[in-house]
Amino acid sequence: MYEQALFNPLRIGPYDLPNRIFMAPMTRSRADNPENAPTDLHALYYSQRAAAGLIITEGSQVSPQGVGYVNTPGIYSRPQIEGWRLVTKAVREKGGHIFLQIWHVGRISHPDFHDGMLPVAPSAINPHDRSYTPSGFKETVIPHALTIDEIQAIVQDFKKAAVNAVFAGFDGVEIHSANGYLIHQFFTNCSNTRTDAYGGSHANRSRFFFEVLDAVGGAIGFKKVGIRLNPSAHGFFGITIDQDTIPTFEYVVNRLNDYPDLAYAHLVEPMLPVDNVPHAVTNIAKHFRPLYHGTFVTNCGYNAESAHRVIADGYADAVAFGTAFIANPGLVERIRLGLSWAVPDINTYYTPGPKGYVDYPAL
Ligand SMILES: Cc1cc2nc3c(=O)[nH]c(=O)nc-3n(C[C@H](O)[C@H](O)[C@H](O)COP(=O)(O)O)c2cc1C
C-alpha cells in the first residue's frame, strides 16, 4: 500500500495530476538580468522536472517593493510575463502542471533594493536577520509600518500578479504566506503589534491574508489558488512562537474550509527543530490535517518512505519535495524505481548560470 500512495492520481481544481509528488517552491536566483525576468534557462530547469505531479515555482515578487534577494524573478512587468511564458510552455509541452508562487518579503528586504527607502511590514520591528542584497549580506533595518492604504495597494499587487501569472500560462498560483515573509509577519505577535483592524485578534492578524486570498481567488478562481503556511516557524527572520501562534494558524486553517474550491493548503513541517520550543507543534500534518477538509499538501524533510507513509496514513494528500528536486530532475522516476537520490551542491543553490541548476543528470 505504501508504495502506491504517491502514485495515485490526484485531482486539484480543474487538473488531473498523475502523482502526488510535488516540487516545492525554491528560490534559485537565476534571473540575473536588469528586468529580473525568467529566461530559457528557467524553462529548461522546470521542464526537466515536469514529471512532478505539480511544480510550484520559486517565489516571484509581486512588485518591486516585494523583492528581498538578488536575481529573483518578478511577475509585475511585461518582460517578466514573457519570460515566465517560456517556462509554462516548456512544462506544458512535457505534460506537466505548474503554479507560480507569488511573494512579498516585507521586512526581510533592505533599503539597497529601494533607492534607500525602507522595506515595509505590519509594524516597525527589525527582524534582526540578514538580507541578501546586490552588494552581499547586510543587516536588516527597522521597516516602515504600512498604512491601511498601503496594505490595500499590496492586496492589489497580489491580485495583479495572479492575473499576470494566468496570462503567462500558469495553471494557478500559490500565495506565499509562510516562512516569515510579509503575510506571515501579519500573523505573529512578534512582528505585528498593530492596534487597528490588522492587529490583535486572530481575525485581525489574518485579515491581510484573507484579503489577498479573496482578491486573488476572485480574479482567477479559487480552483487555481493554493496557499502556503509554516505554523511552527521559529528562530529565523525574527519569527518566534508564543502561546497564541498555533491558535492563530488553527483559526486560519479552519477558515480555509469556507473556500471549498481552493486548490490546496500547503503546510510546512518545522524547518528547524522545535522540540524544546514552548507552544510549538512538532508534527504539523498530524495536527492540522484533521482541521482542513480540502487537499492537504505537506513538505519538509521527507524521503520516499516517509512520504508514502504520510499519505497512506491519511495525514496528507500530496508531498512536496524541495532539495531532492534540485539534484534529481528525475525524482519521480527514482521514487518509482526505488533508486537512491543524488545529493545537491549547496554552493550553487543561488549562483547565476547553469552550474548546479540544469546540469544534474536525469537518472
Ligand atoms: C534553495 C532553496 C530555496 C527555497 N526557496 C523557497 C521559496 O522561494 N519559497 C518557499 O516557500 N520556500 C522556499 N524554500 C523552502 C522549500 O520549499 C522547502 O520547504 C524546504 O526545502 C524543505 O523541504 P525539503 O526537505 O524537501 O527540501 C527554499 C528551500 C531551498 C533549499
Side-chain angles (χ1 to χ4, degrees), residues 6 20-31 36 38 42 45-46 49 52-62 66-75 84 87 98-106 108-109 132 161 173-185 187 209 226-234 236-237 239 264-274 284-285 297-308 310 316 318-328 331-332 334-335 341-352 355-357 360:
L6 283 168
R20 293 155 185 253
I21 300 166
F22 288 11
M23 179 172 165
M26 282 180 295
T27 292
R28 304 302 311 277
S29 302
R30 258 63 179 191
N36 291 141
H42 295 78
Y45 168 73
Y46 283 112
R49 289 153 180 81
L54 180 69
I55 293 174
I56 306 158
T57 71
E58 62 207 280
S60 186
Q61 57 269 14
V62 298
V67 73
Y69 300 84
V70 278
N71 303 331
T72 57
I75 182 65
W84 280 121
V87 172
I98 183 165
F99 274 35
L100 180 75
Q101 192 186 52
I102 52 177
W103 187 32
H104 190 306
V105 306
I108 302 307
S109 192
Y132 186 22
V173 300
E174 177 176 284
I175 298 170
H176 194 349
S177 31
N179 299 357
Y181 297 115
L182 183 63
I183 296 176
H184 195 146
Q185 291 158 26
F187 289 142
F209 168 73
I227 63 97
R228 190 172 220 218
L229 299 170
N230 188 342
S232 278
H234 179 86
F236 60 94
F237 292 161
I239 297 294
Y264 62 83
H266 184 177
L267 273 79
V268 187
E269 295 295 324
M271 288 173 156
L272 300 173
V274 292
I284 293 294
V297 183
T298 184
N299 163 251
C300 200
Y302 285 95
N303 58 29
E305 201 208 320
S306 59
H308 282 299
V310 74
V319 179
F321 295 87
T323 43
F325 261 113
I326 291 181
N328 300 277
L331 184 66
V332 172
R334 280 185 198 248
I335 293 176
W341 299 356
V343 178
D345 174 11
I346 196 169
N347 298 309
T348 50
Y349 277 5
Y350 306 111
T351 47
K355 192 168 181 304
Y357 190 52
Y360 289 104

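By convention here, the first residue in the shown sequence is residue 1. The structure displayed is predicted, hence computed values, not measured ones. We count ligands from 1, going down the list as the structure has it; atoms in each ligand are counted the same way. Side chains are part of it too, since the values below use all heavy atoms of this structure and drop only hydrogens, waters and symmetry mates.
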Exercise for the section: Mind checking side chain to side chain donor-acceptor pair (under 3.5 Å) for Glu174 and listing every partner two or more places apart, or none if nothing turns up? Expected result: Gln101, Tyr264, His266
Exercise for the section: Give the minimum heavy-atom separation between Val343 and Tyr360, together with the two atoms involved. Expected result: O-CE2, 4.5 Å
Practice task
Could you tell me how the ring of Tyr69 sits relative to the ring of Tyr132: parallel (under 30°), tilted (30 to 60°) or perpendicular (over 60°)?
Solution key: perpendicular
Completion exercise
Residue set satisfying side chain to side chain donor-acceptor pair (under 3.5 Å) with Ser177, at least two apart, ordered chain then number -> none
Exercise for the section: At a heavy-atom distance under 4.0 Å, which protein residues reach ligand 1? Sort them by chain and number, would you? Expected result: Ala24, Pro25, Met26, Thr27, Gly59, Gln101, His176, Asn179, Arg228, Met271, Asn299, Cys300, Gly301, Phe321, Gly322, Thr323, Tyr349, Tyr350
Handout entry: Qualifying residues under side chain to side chain donor-acceptor pair (under 3.5 Å), relative to Asn36, sequence neighbours excluded
Key = none
Problem - Option from Arg30, His42, His176 for which side chain to side chain contact (heavy atoms under 4.5 Å, CB included) with Glu58 holds - result: His42
